[in-house]
Amino acid sequence: MNTDDQQLIDRCRAGDVEAFGGLVTRYQDRLYGTLVRMLGSTHEASDVAQDAFVLAFQKLDTFRGDSAFYSWLFRIAYNAAASRRRKRRIARTSVEATREQTGQEPADQRPSADPSHALQSQERSDLVRQALDELADDHRAVLVMKEMENLRYEQIAELLGCPVGTVRSRIHRARNELREKLNRALKAEQ
Amino acid sequence: MLSPEHQELLSAHFDGELASEERARVDTLLNESQEARELLQEFDEISAAVRNVDVPALPDGLRDAVLAQIRPAAPKPLARRPRWHRWAAPVLAASLALTVAVFLQQQVQQPATDLRVADHVISASPAELDDSIQPGDLSESAETALAFSAVTESSPAQPEATRSLSPLETDAMRLSSDAPDGLSTRLFPYGSQPVPGETRSLLVQQGDIPVVVNYTVVDVEKAAGQMRVFLSGNGIHHIVTTTPPEKPDVTGNEIENAPDARYVALLVDAPQDQVVAALNDFDSIQEVVDVDADYVEVSNSFGVEAEALPYRMQQKWEANDESLLPRMEASRQRNAAPGSAVGGEARKQEPASRMTTQGTARPAAPSPSAGALATETTNGVVDSPASAPKPRQLTQTATAGMAVQMAVSEQEVRQLMERQYHRRRVAESYPQSAATAPARPPAPPEPEPLETDGLGSQQGLSSRRVKLLLILQDQSDQ
């Protein structure tokens, strides 16, 4: 495990609550980015991320350090997200709508000297995001875990409590569906 | 055109998840098929597209929000909070009577490695409902329960050593100032599997006041089974729901080595008085308080994936139930019959007094018996059992809910269900033996047998489960 993480964890366990802030700062963007893709809602992603960090702190004594802190944190976040989903079917607020509501600009704006290129990139990103949102929850979840977190099939299976074969099949279907949606969308644009 | 199998192989190949034999097949495929190579290229593009999706910036303040949340709770990593805390707050907010049934002194001998035990058993102090709640804010029953749960430092693990928190709060305050961390560590043994009959303690806070909650570990199967038999025997309509298998990281109260732990709730559809009167006969329960079933449903995260065990009951709840009252009546007659385990000798051994929902000791209530019970209908009219059955519909006003919560392993739930199924099978196969049972009236019609080959494979039940739960959700949402 990352020695910096371990130091922060040790300080937390010794009663230094503020040290946990270091872990939050270190991993909040990564966790949030994955959760937004997985949940399709920035509000929900933000809430789940916060819940996950709080839970992680409360359970810090059970973290044995067998895996990286972030992996452990991500499991907590995924389970917290699943728990929220069980509790209520939240009408998803699209990322687009959130941007309009909050006025926040995308964090991941890749620099480009060509404004038209930037526009194309933005449009393409919107297309992908929309297609991703349209996937079934379980398909989107496995694909995001694979693409964003680079989890092994076995790890995903363990997280979801399903066979590895199911993970493999879901990822394949998610890719295929995404591919078809994007192809259709691009053709329609042309 | 690539076959779906080939496409899936390519997808797994792209992820580097193929075994050597499959890898060889894919290599051959890629050598021979332009389409396969193009598909692999598309997978690459899709992967990049997903990773490059623009995401609005994380709102400022997450770090501060997290720290603000954990600062006052700093000691609590050492004191796990029971899961029901999550739904207890809304229950309080709605000024509903408080929870909880407390099972005590279950004398069960089981090996420590057996997962069929409940750790966070059924019992907790209302002080855990909300740290910000002060004693004066609590209802009478809550304060009573609080008094039940508080102990002094000198006797931290003795369930009998309870006392009223007020006005003797000074001792509790001293707990806090002395060595709260050391106390928590001492009270809560980590890494050990709970053993039925074992008394455990939990340190929580009520405002600035630390409160020690004692609880007794019970055998889940036995406790749940006893409760169900008892409720049925008293003609109390109920359902049992379980959550899906809990992932170990969801809450702060995971059970060590039991990642498939589930939570069980008994939802009771009966007037409060009837439930309380009946439960006064249940020796293991010290206190019962009602909550609304819809609150249990909503806030206990028994969402659409929750599963109900007694589907026949569930079926009854799904629609206007014209057969419920006759079933209750038949159940009461059975209960009143001589030799009935629930209604017979057990009834006569009532203690001198019991705790009521109001928290005051009172003479034991008369046991519900045939002809004595009344059933409240949805419009509040009280029908005698002898009156003609009326359609009954589950509504918020008619639903009293009792939440009894415990952790249970998936294996155990499966065993319970299979046992129930086989029992019915035996009854169907050997009707004569049932007929020779002493003074036992014919059982009410049984529903279709459950296809029980494990919880995970009961897809056929899903729609029924969902239907039930949607009914409950409608009550709360509208």
Side-chain angles (χ1 to χ4, degrees), chain A residues 15 17-18 20-21 24-25 28-29 32-33 36-37 42 46 49-50 53-55 57-62 72 75-76 79-80 82-83 85-88 95 98-99 102 104-109 122 124-125 128-129 132 143-144 146-148 152-153 161 168-169 171-172 175-176 178-179 182, chain B residues 4 7-12 14-17 39 42-43 45-47 49-59 62-67 69-71 73-74 76-78 80-81 181 190 243-252 254 256 259-260 298-299 301-306 473 477:
Chain A
V17 178
E18 302 301 318
F20 195 75
V24 176
T25 304
Q28 60 181 3
D29 288 329
Y32 172 75
V36 168
R37 288 168 175 84
T42 53
S46 175
Q50 182 173 336
F53 278 117
V54 171
L55 277 171
F57 173 79
Q58 291 173 339
K59 294 167 57 60
L60 206 53
D61 59 302
T62 67
W72 182 72
R75 290 173 63 93
I76 292 175
N79 287 328
S83 180
R85 287 254 177 232
R86 282 200 295 270
K87 275 195 266 192
R88 60 183 190 272
V95 174
T98 302
R99 178 189 288 111
T102 63
Q104 289 168 344
E105 290 303 315
D108 184 13
Q109 295 185 79
Q122 185 61 55
R124 181 177 171 81
S125 175
V128 176
R129 190 178 57 237
L132 204 54
L143 189 63
V144 170
K146 185 70 222 174
E147 301 294 2
M148 298 304 299
R152 307 286 302 172
Y153 285 2
R168 171 167 143 166
S169 167
I171 288 179
H172 160 240
R175 280 198 178 114
N176 254 3
L178 203 57
R179 186 168 62 104
L182 290 175
Chain B
Q7 290 179 18
E8 186 173 321
L9 275 176
L10 285 167
S11 172
F14 178 74
D15 291 330
E17 294 275 359
L39 183 60
E42 283 190 78
F43 285 159
E45 291 171 5
I46 288 171
S47 176
V50 170
R51 287 198 299 271
N52 291 330
V53 163
D54 288 344
V55 172
L58 175 66
L62 177 63
R63 179 182 183 276
D64 292 341
V66 170
L67 287 177
Q69 231 177 314
I70 64 179
R71 271 189 199 113
K76 288 180 181 171
L78 296 171
R80 302 175 180 193
R81 310 191 71 171
D181 289 349
Y190 282 112
T243 60
E246 190 65 80
K247 296 298 177 188
D249 290 329
V250 171
T251 66
E254 71 179 82
E256 298 291 342
D260 61 345
V298 170
S299 50
S301 69
F302 280 37
V304 292
E305 295 174 37
Q473 286 185 329
D477 292 338

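In what follows, chains carry the letters A, B, and so on, assigned in the order in which the sequence lines appear, proteins first and then strands, with residues in each chain numbered from 1. Not measured: the values here are computed from a predicted model.
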>> What part of Glu8(B) gets within 4.5 angstrom of chain A, counting heavy atoms only: side chain, backbone, both, or neither?
In response: both

> Between Leu10(B) and chain A, which part of the residue has a heavy atom less than 4.5 Å away: side chain, backbone, both or neither?
Replying inline: neither

Distance check, rounded to the nearest 0.5 Å: [X] atom [atom1] versus [Y] atom [atom2]?
X         : Y         : atom1 : atom2 : result
Asp29(A)  : Leu62(B)  : CG    : CG    : 9.0 Å
Phe57(A)  : Ile70(B)  : CZ    : CD1   : 4.5 Å
Arg168(A) : Glu17(B)  : CZ    : CD    : 9.0 Å
Leu39(B)  : Asn176(A) : CG    : CG    : 6.5 Å
Leu55(A)  : Gln69(B)  : CG    : CD    : 9.0 Å

> Testing His172(A), Lys146(A), Arg175(A) for side chain to side chain donor-acceptor pair (under 3.5 Å) with Asp15(B), which one passes?
Replying inline: Arg175(A)

What is the minimum heavy-atom distance between [X] and [Y], and which atoms define it?
X         : Y         : result
Val50(B)  : Arg37(A)  : O-NE, 3.0 Å
Arg152(A) : Gly16(B)  : NH2-O, 3.3 Å
Ser11(B)  : Ile171(A) : OG-CG2, 4.0 Å

> Looking at Phe20(A), Phe53(A), Tyr153(A), which has the largest count of heavy-atom pairs under 4.5 Å with chain B?
Replying inline: Tyr153(A)

> In chain order, what residues pass the side-chain hydrogen bond (donor to acceptor under 3.5 Å, both in side chains) check against Ser46(A), with sequence neighbours excluded?
Replying inline: none

> Can you check whether Glu18(A) reaches Leu67(B) side chain to side chain, under 4.5 Å on heavy atoms?
Replying inline: yes

